[in-house]
Amino acid sequence: MATQTASSSSSSSWKYDVFLSFCGVDTRKNFTGHLYTVLEQKGILTFKDDEKLDRGKYISSELLKAIEESKYAIIVLSKNYAFSRWCLIELVKIVECMKVSKLTVLPVFYHVDPSNVRNQMGTFAQAFEKHEKDSKVNKDDIQAWKAALKEVGNISGWHLHDRDESKIIQQIFERIFNDLNSKFSSTVSKDLVGIDSRVNEMLDLYLDEGLGGVRFVGICGMGGMGKTTLAQEVYQRISSSFETSSFIANVREETRNQHLVCLQKQLLSKILIESKIKIWDFHEGVNVLGNRLRNKKVLIILDDVDEEEQLEALAGNQDWFGLGSRIIVTSRDSHLLRRRGVNDIYTIKGLNDDDALQLFSWRAFKKPYPEENYVDLSKDLVNYAKGLPLALKVLGSLLFEKTTDEWKSAIYKLKAEPNKKILDILQISFDGLMDTQKELFWILHVFSKERINIA
């Protein structure tokens with residue numbers, strides 16, 4: 001799900017998540033190349049000039065535009081960086097955007113001292129001696145380049161001096177990934193009312209890295225309770241801590257539509273970053289998964305599992321995975337999970353009254369509280385939904401911009417025929433229900449014996 005998360009977050013006001021500025025001679029085939037590969041594989045859209053542009057004699061206006069359209073600029077400052085006028089022009093543009101927009105600058109001091117960057121010493125001094133002797137170089141440009149280097153040299157970043165490059169790359173990725181996820185989460189918070197307490201409970205009880213080993217964790221509850229939403233949020237928050245991760249959605253439905261071998265291929269493709277996975281049958285898939293993943297610290301989420309064979313095919317046992325791995329399974333059937341040895345099970349409960357009213361209001365009024373004339377009506381409907389998130393969202397959406405008389409009519413029909421399917425009742429008032437909405441009202445009917453009478 002990392003891919004989905006980052007790409008979603010990058011769809012707002014910027015075109016690229018990251019702009020990479022670097023000296024090709026120094027780092028294209030090592031540090032920068034490796035960093036670019038990790039960012040792209042994790043779904044972070046990254047601009048790297050030799051990937052996106054043909055380098056000409058003069059710096060491209062398209063490249064400068066790419067800086068303006070990026071959320072982050074990673075500047076890999078290496079020994080020969082300042083010898084490149086192309087790099088220095090990029091740098092001035094980056095600093096300019098940092099000051100006038102929301103561009104975040106992340107410097108990497110690649111085997112150079114930050115003080116040499118700030119004060120143009122060492123190879124940076126040599127580079128400027130060369131530029132100053134070049135009659136084609138404008139003196140004003142030189143001053144601008146020096147000022148930009150001083151500015152960036154004062155920014156806290158990563159000093160890569162005799163340090164493991166892979167660890168630095170992981171730190172950079174986590175910094176960007178977590179920030180992008182927090183930005184994205186804030187834009188959809190109205191649909192995640194009450195989610196923080198649930199996520200924190202799961203993290204504290206079952207997913208803490210200090211617990212060690214390989215852990216299988218279940219999320220159980222009736223349909224529409226928010227199991228998938230909780231799993232998605234947990235995935236967004238912790239996936240960057242794992243070597244690799246995969247979210248397999250709608251396992252129950254996908255098993256009906258295609259063979260389990262296809263899901264095995266999908267899981268391996270995401271985990272191993274391989275597009276062509278050759279598996280011919282179920283048992284071969286089991287062997288390949290067990291052999292290829294056993295040394296990897298992975299996060300895998302299997303969403304909406306309803307058969308033991310699905311778990312046998314996709315997450316056979318703990319020996320399949322490396323230490324620290326976490327396998328999260330959502331299901332309506334807690335007995336199924338226990339039969340498969342999943343003993344850490346989080347049972348998801350309905351929203352409390354305050355959170356339920358807030359979620360309903362976001363859908364019915366596009367704000368976290370009801371309109372003045374609708375308060376009592378809203379509370380009646382919230383009571384009826386019994387904290388079921390899907391019910392609250394669909395009921396709120398159906399009643400959006402309806403009059404109070406229409407609300408009263410809907411409530412009357414809900415309580416007038418308590419033994420009739422809720423779907424049939426609401427179809428009298430609302431046309432064109434979507435399939436997911438129809439499923440919702442069937443779910444509500446199943447729980448009709450427990451619902452609170454609407455007065």
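Residue numbers start at 1 and run along the sequence shown.
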Show which side-chain atoms of residues 216-225 pair as donor or acceptor with protein atoms under 3.5 Å away, not counting sequence neighbours.
none

Distance-only donor-acceptor pairs under 3.5 Å for side chains of residues 170-177, two or more places apart:
| unit_1 | atom_1 | unit_2 | atom_2 | d |
| --- | --- | --- | --- | --- |
| Q170 | NE2 | E174 | OE2 | 2.9 |
| Q170 | NE2 | S240 | O | 2.9 |
| Q171 | OE1 | W158 | NE1 | 3.2 |

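Take K65 and apply the side chain to side chain contact (heavy atoms under 4.5 Å, CB included) test, not counting sequence neighbours, and it matches E68, E69. Not counting sequence neighbours, the partners of S325 by the side chain to side chain contact (heavy atoms under 4.5 Å, CB included) test are V214, V298, F321. Residues meeting the salt bridge (Lys or Arg N to Asp or Glu O under 4.0 Å) test with K366, sequence neighbours left out: none. Residues meeting the ring-ring contact (aromatic ring centres under 6.0 Å, His included) test with Y81, sequence neighbours left out: none. Listed by chain and number, the residues in a side chain to side chain contact (heavy atoms under 4.5 Å, CB included) with T403 are D405, E406 (sequence neighbours excluded). By the salt bridge (Lys or Arg N to Asp or Glu O under 4.0 Å) test, E308 pairs with R339, sequence neighbours left out. With sequence neighbours left out, K297 forms a salt bridge (Lys or Arg N to Asp or Glu O under 4.0 Å) with E209. Remark: D353 pairs with no residue by the salt bridge (Lys or Arg N to Asp or Glu O under 4.0 Å) rule, at least two apart or across chains. The ring-ring contact (aromatic ring centres under 6.0 Å, His included) search around W407 returns F360, F365, Y374, not counting sequence neighbours. Every side chain to side chain contact (heavy atoms under 4.5 Å, CB included) that S331 has, sequence neighbours left out, goes to D333, L336, L337.
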